[in-house]
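Counting convention: from 1, in listed order, for ligands and their atoms alike.
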Amino acid sequence: MALRRAEISREIHEGSGASGRFLLEDARAGLDRLLQTHCGQIKLIYLDPPFQTGERFVMRVRVGEQEWKSGRGTLALPTFSDALSREEFLSMMREVLTRCRMLLRDDGMIFLHIDYRTHPHLRLMMDEIFGEDNFLNEIIWVYQTGGRSLKHFSRKHDVILFYRKGPAYDFNVEAVMAPRTEPRTNHMRRHVDPDGRVYRSVRVGERVYTYYDDDPVAPTDVWNDLSHLQQRDPERTGYDTQKPLSLLDRIVRCGSRPGELVLDPFAGSSTTLEAAKRLERDFIGIDRCPMALNVARRRLGGATYSLEYPPFEGEPLCEASATPGVGFYHVRLERFALEPGLLDRELSGLDGVDCWSVGYVRDGEYRAMAESARTKRAPRLAESLDAPAYAGQLALCVSDVSGRCFCYEIDPE
Ligand SMILES: C[S@@+](CC[C@H](N)C(=O)[O-])C[C@H]1O[C@@H](n2cnc3c(N)ncnc32)[C@H](O)[C@@H]1O
């Protein structure tokens, strides 16, 4: 059946709990757009920009049922090239950080994740934009992954610069208290109480202070209790540079409260957005890599979220049919073939499809009503989906393995 390509400005997925948006565009353009609607409204911003490594990063994409079953992707597609000159990078960061400050609420906070390469430059830039008085911490995140160097000491930490917008900031330390990782041993006497709990005591003048070993304590600015993702970590999405959820969980908990708005202008694989979703914060992510959209759909499922992207170039072959049932339309995806030569591998059947959905187009927006995406547990894509009868133009949306999304209007037979 003939399908008509539909120009849409956003793809909407309905869920419950948190709600959010993912904008596929340059961070500066996305932040400019947000300034028109969200100036002074964002509680927490986390940024994990490129580190100036000079590397080209990829996403290991799983294609077809077998690769989803095994959890190993064989197609390495480029995601971003971390190759700006120092001058270009710092100029981009100045524009981004200035806009971030304008977007923050008066009680808001910002965490900037970097490493030794850009740290000296960005520490001074943050002081300049946010004010030295608003500096809170230079968090050292220590991890053990990766190899060891014999030419110098191995580099095993990142730096996260933590600033507030102003003195009214709302830092929720109670939400991130954790058991002490190293028990106190210095100059304190060890005791065991009748319940078997270990505690220490120390006399200072007339007073005796006691501390239980298992009492939760506030974390310091050295985070050595959150491990980086391992090679075969189940949390891995295939997106290079992905950060662990536990790291973003801590940042989102202490920097925001349920219902507040969290922003990540370099969202990558949506780690911040997933942490926000789980903790019932609303979220906005920006990234200019199309592959990030496919990861976002998987990680944000269950929440209400929109994906906002410009029209994609390309003419893949898409064939589908729609037959009316009682109260619904039965839509069958019959064929989806990528343009020859697009990937350096031939794909068969629906292998070029990462996920697809059926829904309705109205006022230039597509609303998904039923969808199918491959997962490790359910590696096979549904060949047909039912869309409830609804006022609007019946449509389907297909995302290919390279992250492009195509929306088609379809008329039932
Ligand atoms: C270090 S990664 C972020 C990883 C992310 N924190 C995660 O957990 O997956 C940096 C991201 O910034 C994006 N990026 C780089 N320059 C950008 C720009 N000017 N505008 C928008 N996104 C950009 C890249 O596509 C990449 O996804």
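With hydrogens left out, the protein atom closest to atom 6 (N) of ligand 1 is Asp48 OD2, 2.7 Å, a heavy atom. Remark: minimum distance from atom 15 (C) of ligand 1 to any protein heavy atom is reached at Pro50 CG, 3.6 Å. The nearest heavy-atom contact from the protein to atom 19 (N) of ligand 1 is Asp26 OD1, 3.0 Å. The protein atom (non-hydrogen) at minimum distance from atom 2 (S) of ligand 1 is Thr241 OG1, 3.2 Å. Distance from atom 22 (N) of ligand 1 to its nearest protein heavy atom, with residue and atom name: Arg288 N, 3.4 Å.
Heavy atoms from both the backbone and the side chain of Phe266 come within less than 4.0 Å of ligand 1. At a 4.0 Å heavy-atom cut-off, ligand 1 does not touch Ala292 at all. Using a 4.0 Å cut-off between heavy atoms, Tyr239 contacts ligand 1 through its side chain alone, with no backbone atom that close.
The minimum heavy-atom distance linking Leu47 with Asp264 is given by the pair CA-OD1, 4.3 Å.
Taking the six-membered ring where the residue is Trp, Phe162 and Phe111 present parallel rings, their angle staying beneath 30° rather than reaching 60°. Ring-plane geometry between Tyr163 and Phe135 is classed as perpendicular, the angle between the planes exceeding 60 degrees on a 0 to 90 degree scale with a lower cut at 30.
Residues satisfying the side-chain contact (heavy atoms from CB on, under 4.5 Å) criterion with Ser384, sequence neighbours excluded, are His330, Arg332.
Between atom 21 (C) of ligand 1 and the options Gly30, Ala27, Gly268, the minimum heavy-atom separation is to Ala27. Between Cys289, Gly285, Ser269, it is Ser269 that holds the heavy atom closest to atom 7 (C) of ligand 1. Of all the listed residues (Leu248, Asp287, Leu23), Asp287 holds the heavy atom that lies closest to atom 25 (O) of ligand 1.
Note on residues 139-163: no pairs pass salt bridge (charged side-chain N to carboxylate O under 4.0 Å, His left out), not counting sequence neighbours.
Note: Asp225 CG to Tyr143 OH = 15.0 Å, rounded to the nearest 0.5 Å. In this structure, Asp170 CG and Met109 CE are separated by 5.5 Å, a value rounded to the nearest 0.5 Å.
Checking only distances, Gln242 never comes within under 3.5 Å of ligand 1, N or O to N or O.
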- Could you please spell out the steps behind the side-chain contact (heavy atoms from CB on, under 4.5 Å) verdict for Arg94 and Leu90? CA-CA 6 Å; Arg94 181 176 291 281; Leu90 292 177; over 6 Å; no
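Every atom of ligand 1 is numbered from 1 in the order shown, and the set under 4.0 Å from a heavy atom of Lys243 is 6 (N), 7 (C), 8 (O). Close contacts of ligand 1 with Thr271, meaning ligand atoms under 4.0 Å from a residue heavy atom, involve 7 (C), 8 (O), 9 (O).
Residue contact check for ligand 1: Glu25 places a non-hydrogen atom closer than 4.0 Å to it.
Within the 3.5 Å criterion, the main-chain N or O of Ala382 finds a donor-acceptor partner in the side chain of Ser372. Using a distance-only test at 3.5 Å, with no hydrogens or angles considered, no donor-acceptor pair links the side chain of Trp141 to the main chain of Leu247.
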